[in-house]
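Note: hydrogens, waters and symmetry copies are ignored here, and every other heavy atom, side chains too, is used. Proteins come first, then strands; the chains are lettered A, B, ... in the order of their sequence lines, and each starts at number 1. What you see is a predicted model, and the numbers here were worked out from it, not measured in a lab.
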There are 4 protein chains.
Amino acid sequence: MPRAVRERQMLDAAVRTFGQRGYRAASMDEIADLAGVSKPLVYLYLNSKEDLFTACIRREAQALTAAVREGVRPRLPADRQLWEGLRAFFSHTAQNPDGWAILHLQARTHGEPFAAEVSAMREEIVAFVTRLIAVAARDARRDPSLPEHEVAGLAEALVGAAESLAAWANAATGVSARQAAATMMNFAWAGLGDLMEGRSWSEQR
Amino acid sequence: MPRAVRERQMLDAAVRTFGQRGYRAASMDEIADLAGVSKPLVYLYLNSKEDLFTACIRREAQALTAAVREGVRPRLPADRQLWEGLRAFFSHTAQNPDGWAILHLQARTHGEPFAAEVSAMREEIVAFVTRLIAVAARDARRDPSLPEHEVAGLAEALVGAAESLAAWANAATGVSARQAAATMMNFAWAGLGDLMEGRSWSEQR
Amino acid sequence: MPRAVRERQMLDAAVRTFGQRGYRAASMDEIADLAGVSKPLVYLYLNSKEDLFTACIRREAQALTAAVREGVRPRLPADRQLWEGLRAFFSHTAQNPDGWAILHLQARTHGEPFAAEVSAMREEIVAFVTRLIAVAARDARRDPSLPEHEVAGLAEALVGAAESLAAWANAATGVSARQAAATMMNFAWAGLGDLMEGRSWSEQR
Amino acid sequence: MPRAVRERQMLDAAVRTFGQRGYRAASMDEIADLAGVSKPLVYLYLNSKEDLFTACIRREAQALTAAVREGVRPRLPADRQLWEGLRAFFSHTAQNPDGWAILHLQARTHGEPFAAEVSAMREEIVAFVTRLIAVAARDARRDPSLPEHEVAGLAEALVGAAESLAAWANAATGVSARQAAATMMNFAWAGLGDLMEGRSWSEQR
DNA sequence: TATGAATGAGCATTCATTCAT
DNA sequence: CATGAATGAATGCTCATTCAT
């Protein structure tokens, strides 16, 4: 069996195990078993538990950013791009709960080698959102009087809100990716103040 | 030395160790050392690692909710209450990074006995926010045409955004609790859309 | 509360705990709790776990030998003395299962300081039986052509059989001390060979 | 080194350690040391201390019953079968003092999982003796007017006597298996009463 | 007389990791 | 390419025992 395939099996098993048990509670024995190979082979291919976990994080991070990137049509107005990105995000996390658990919970919880890995991805997403906000500001013919720093904070908050909603939507049965995205747009774009006045964000214009 | 004092020392040491190392990686030996007592005493007073961690979660959760509750003056308009709550929240988390790490990261990452504990606290905060939104809607003389479910999602998103900003503010040096709270208000109350048009939320009116 | 009474309470608790849990599994904590006193007091009165266990063994051994001694009228013929001794033995062990467990199981299982203690008692009983056999032989006007050594073996076997029956009678519901003693007499006095021929031992002559 | 061999070594070491120290006092460290392997290997092969002890009991129980079974020629008269069985029994226990200590003392002293294991073996032996008694009764052309229950008691007493003699013979130097068996036959078959009259059981008729 | 507070030492168990084949 | 065999190092937890009061 070619190496690439074996490696994929191992990563699949590892993602599942790490996602469900957590980094420390997952044992290499269980992962090897689930992958259907012997433990030494896992070490031969992936060196150590740490490296294996890092590989999981990287793969899942790339899968997530790719899904979001592919979900967004870059020519649309900023709010529409955000809308599409959010839909892709909620959709992907709902379909890959173990991967999402690794990125959102495990990697950040278990210290330096891993937190850095996931931060890279997060920054990519934050940068994407930051760019959207800048574009929107330009389209509104406004000088970016919002300072850099403030924009970064807004993006951070937006991403955090989305992450939180992802967990909520996954847990609360019956909340679709679309609904979660709609809630996010209302919250982030329209703002609570506007919502109070009866103005909510809407996909149609 | 009286029991109550010793117990406090142990909890302090445990919060610090759990917060920095994580639940699994923290060893009872290290906690006992840091508390300046022998391991058996930790077991005598706090029964088990699980119970000790639960006690940490409970203490930190109560400290956090108490801080927020005390920071809010209940007669003010909803947005002002939110503003004050956020300031208290960011302030408390900045001053108790280990406690916040336990609540935000560790407890949620390590499965059922603990996740439930922190969920209770989180629900209390979400309920507080939900109530604020409802009050704001009433004050704006709007029928609560925002459905229950949508409000829950908004509150969830708001809390998630705040949690995310807390981590960000703690990490990025030089962001004060006040600044973080302002960013949150802009984000949550004014909304990105308004911000684009130059309307941001402001403490003065 | 006078020392003697306290000490009795402790020994009672210890016998029960050792009898039910075993020497190693019984904890000084549990014994102190059951006795209703603090642990240091147990140490003050009885020095150590080892000494405490030894004290239990001694007390129960004396109680058992006393019960047997008091049950036997020394002027009767040998077989009647044996009969009475067996009844007293089965009766006492049935009423003190924990004490009997200590003597029969725990003390012999846990090595030297204790095994010696119970051996002393056992030898006393074996000596009693040996004497009975010798008396019976004299009464039958037979030279003791049974060698010393053989007699010791017989006595040992008899005591072993009785001990075994005690456990069996205690476990099998509905076997009285009297029945157990009768079985023993049939077995030991009449012998299987005689039983086969229809001759069994009988209390009435 | 192949697994089966290693496993035997471990069981040998365990039987010796459990037999001499007792179940609780024996440490897995000591057993592993004595077996010449590391502790994790013991766990890998035998799961837990409890399982290891159970495996010891089972192995020794089977060895003992096999030795007795093989020592008995089934066509002989009942008393001769008993004689042969006893010789095999005393011989085996004398040669395996640690195994015998496990079966006779340790297993019965340490509660349910183990006591049940050894009870099974004991019942097999008691059943064998019971059958012998029944056969002897038939051969003597006697109705089995000995009630079931009485026979069970007799068998129990006989086995107990033998167990007791085994310990005695092992301790008292210079008592051979043959002598112990002879004493048992005199005791059990002839009965003390007969012995008093000068009639003892004899191998020759 | 009696106890609350405290600990040194040990034990069963697990796990990431490595050889020799 | 793949594995059966093996281990050093921790870790959670318990227990007999002792002071200071």
Short side-chain N/O contact from D:R24 to OP1 or OP2 of E:dC11, under 4.0 Å: no
Parallel, tilted or perpendicular: ring planes of B:F53 versus B:Y23, cut at 30 and 60 degrees: parallel
Position toward the 5' end of DNA chain E (nearest nucleotide), B:S38 or D:N47: B:S38
Per D:L41 side chain, nearest of listed nucleotides E:dT17, F:dA6, E:dA2: F:dA6
Side chain of D:K39 - closest among E:dC15, F:dA10, F:dA6: F:dA10
Sugar-phosphate, base or nothing in reach of A:R3, heavy atoms under 4.0 Å: nothing
d(CD, D:E30; P, E:dC11) in whole Å: 9 Å
Integer-rounded Å distance: E:dA12 P and D:M10 CE: 16 Å
Residue closer to the 5' end of DNA chain E, B:L44 versus D:Y43 (nearest nucleotide): B:L44
Rounded distance (Å) that lies between atom C1' of F:dG8 and atom CE of D:M28: 17 Å
Rounded distance in Å - CD1 (B:I31) to P (F:dA10): 17 Å
Nucleotide nearest C:K49 (side chain, heavy atoms from C-beta), chosen from F:dA2, F:dA16, F:dT14: F:dA16
Side-chain touch B:D98/B:E60, heavy atoms, less than 4.5 angstrom: no
Electrostatic pair C:R59:C:E7 at N-O distance under 4.0 angstrom: no
Atom-to-atom span, CD of C:E7 to C1' of E:dT1 - whole angstrom: 14 Å
Any C:Y45 side-chain nitrogen or oxygen under 4.0 Å from OP1 or OP2 of E:dA2: yes
Any donor-acceptor N/O pair, D:H104 side chain to D:W100 backbone, under 3.5 Å: no
Side-chain heavy-atom pair B:L52, B:Y45 within 4.5 angstrom cut-off: no
Closest to the B:P40 side chain, choosing from E:dT1, F:dA10, E:dT7: E:dT7
Whole-Å distance separating the CZ atom of C:F53 from the P atom of F:dC15: 17 Å
The helix from E:dA2-F:dT21 to E:dT21-F:dA2: angle between end helix axes, five pairs per end, rounded to 10 degrees: 30°
Check: B:Y43 and B:M28 side chains under 4.5 Å, non-hydrogen atoms: yes
Nearest-nucleotide comparison on DNA chain F, the residue closer to the 5′ end among D:V37 and B:S48: D:V37
Nearest-Å distance for atom pair CG/P, residues D:D29 and F:dG8: 12 Å
Ionic contact status for D:D12 with D:R16, cut-off 4.0 Å: no
Touch class at under 4.0 angstrom, heavy-atom based, for D:A26 against every strand present: sugar-phosphate
B:R8, CZ atom: more than 12 neighbouring heavy atoms under 6.0 Å: no
D:D51 CG to E:dT14 C1', straight-line distance once rounded to whole Å: 16 Å
Of the listed nucleotides E:dT3, F:dT3, E:dA2, the one nearest the side chain of C:R6: E:dA2
Sugar-phosphate, base or nothing in reach of D:A25, heavy atoms under 4.0 Å: nothing
